[in-house]
Amino acid sequence: MTASSAALAAISGLGFGLSLIVAIGAQNAFVLRQGLRGQHVLAVVAVCAVSDMVLIAAGVGGLGVVVQSAPVVLTVIRYVGAAFLLGYGLLAARRVFASATLAAEATGATVALGATVLTCLALTWLNPHVYLDTVLLLGSFANTYTSPDRWFLGAGAMAASILWFTALGYGARKLGPLFARPIAWRVLDSVIAAVMFGLALGLLLTG
């Protein structure tokens with residue numbers, strides 16, 4: 001291993017990690033919403049980033065091979081995750097038609113920290129795509145590198161997660177003036193509901 005090969009591996013991990021994480025999904029939608037509301041942003045960002053770091057380390061360490069040998073695990077997670085996404089989507093859809101709730105959202109009604117963290121954990125760990133992308137795909141890519149370099153690649157991917165979730169959670173406040181109007185929350189919750197229903201349907205229709 002040389003300094004240049006380690007640096008290249010880390011840069012590859014950063015780029016690969018961003019390519020996987022920067023997408024419209026349940027987790028990102030939740031982080032965006034919490035950032036816009038300014039509620040428990042640090043906790044949400046920390047849960048997402050630390051969860052990603054654990055999954056990346058597992059993938060680089062070879063857990064993907066184990067998961068591939070036990071597909072029933074992903075099958076169980078797929079159906080549980082689909083049920084959770086449908087439920088969360090229904091909540092978002094209900095907010096779209098609840099004008100009183102929309103007004104409260106715009107003023108930043110507080111949701112308990114525990115409930116927020118549990119929701120964030122569920123959106124992260126009950127999503128089969130996180131195992132397919134982070135553990136299997138990134139893990140397989142990392143294991144094409146030699147032993148020392150693949151951990152630098154993993155470190156780059158972890159840095160990507162930290163940077164992305166921090167930017168998404170805290171950068172969302174820049175949109176604060178736009179979301180001072182209830183109609184903006186109606187549009188956001190409509191998009192979130194559509195994303196959740198789409199992801200749940202995809203999980204149910206694909207293996």
Side-chain angles (χ1 to χ4, degrees), residues 1-32 34-35 40-78 80-81 84-85 116-172 195 199 202-203 206-207:
M1 181 191 72
T2 64
S4 59
S5 67
L8 286 174
I11 293 172
S12 295
L14 180 67
F16 197 85
L18 286 173
S19 71
L20 292 177
I21 199 172
V22 180
I24 297 176
Q27 188 185 52
N28 283 340
F30 182 75
V31 175
L32 175 63
Q34 291 301 121
H40 313 306
V41 179
L42 178 59
V44 168
V45 169
V47 167
C48 291
V50 171
S51 295
D52 251 20
M53 291 170 70
V54 171
L55 289 163
I56 290 168
V60 174
L63 182 61
V65 176
V66 177
V67 175
Q68 282 180 313
S69 65
V72 67
V73 175
L74 283 179
T75 299
V76 172
I77 294 174
R78 178 158 59 94
V80 173
F84 180 82
L85 290 173
T116 300
V117 170
L118 286 175
T119 301
C120 189
L121 286 169
L123 287 171
T124 301
W125 291 91
L126 291 180
N127 180 9
H129 291 296
V130 76
Y131 300 97
L132 295 173
D133 291 344
T134 308
V135 177
L136 295 179
L137 187 56
L138 190 144
S140 298
F141 179 64
N143 279 281
T144 63
Y145 285 72
T146 59
S147 182
D149 283 347
R150 72 167 178 261
W151 287 105
F152 281 97
L153 184 143
M158 292 177 187
S161 292
I162 295 171
L163 290 172
W164 170 251
F165 287 121
T166 300
L168 184 62
Y170 288 99
V195 169
L199 289 172
L203 291 178
T206 61

From [X] atom [atom1] to [Y] atom [atom2], the distance as rounded to the nearest 0.5 Å:
X: Leu163; Y: Leu18; atom1: CG; atom2: CG; answer: 7.0 Å
X: Tyr131; Y: Leu126; atom1: OH; atom2: CG; answer: 7.0 Å
X: Ile21; Y: Phe165; atom1: CD1; atom2: CZ; answer: 3.5 Å

>> Can you pull out every side-chain hydrogen bond (donor to acceptor under 3.5 Å, both in side chains) where at least one residue sits in residues 42-53? Sequence neighbours excluded, please.
In response: Ser51-Trp125, Asp52-Ser161
Measure across [X] and [Y] and return the closest heavy-atom pair with its distance rounded to 0.1 Å.
X: Gln34; Y: Thr116; value: NE2-CG2, 3.7 Å
X: Leu123; Y: Ala26; value: CD2-CB, 3.9 Å
X: Ala43; Y: Val117; value: CB-CG2, 4.3 Å

> Who passes ring-ring contact (aromatic ring centres under 6.0 Å, His included) against Phe30, sequence neighbours left out?
Replying inline: none
> In this structure, which one of Asn28, Val45, Val31 forms a side chain to side chain contact (heavy atoms under 4.5 Å, CB included) with Trp164?
Replying inline: Asn28
>> Tell me every residue that passes side chain to side chain donor-acceptor pair (under 3.5 Å) with Gln27, counting only those two or more places apart in sequence or in another chain.
In response: Thr124
> Which residues pass the side-chain contact (heavy atoms from CB on, under 4.5 Å) test with Leu32, sequence neighbours left out?
Replying inline: Leu36, Leu168, Ala172, Leu188
Donor-acceptor pairs under 3.5 angstrom involving side-chain atoms of residues 150-159: please list them, not counting sequence neighbours.
unit_1: Arg150; atom_1: NE; unit_2: Val60; atom_2: O; d: 3.4

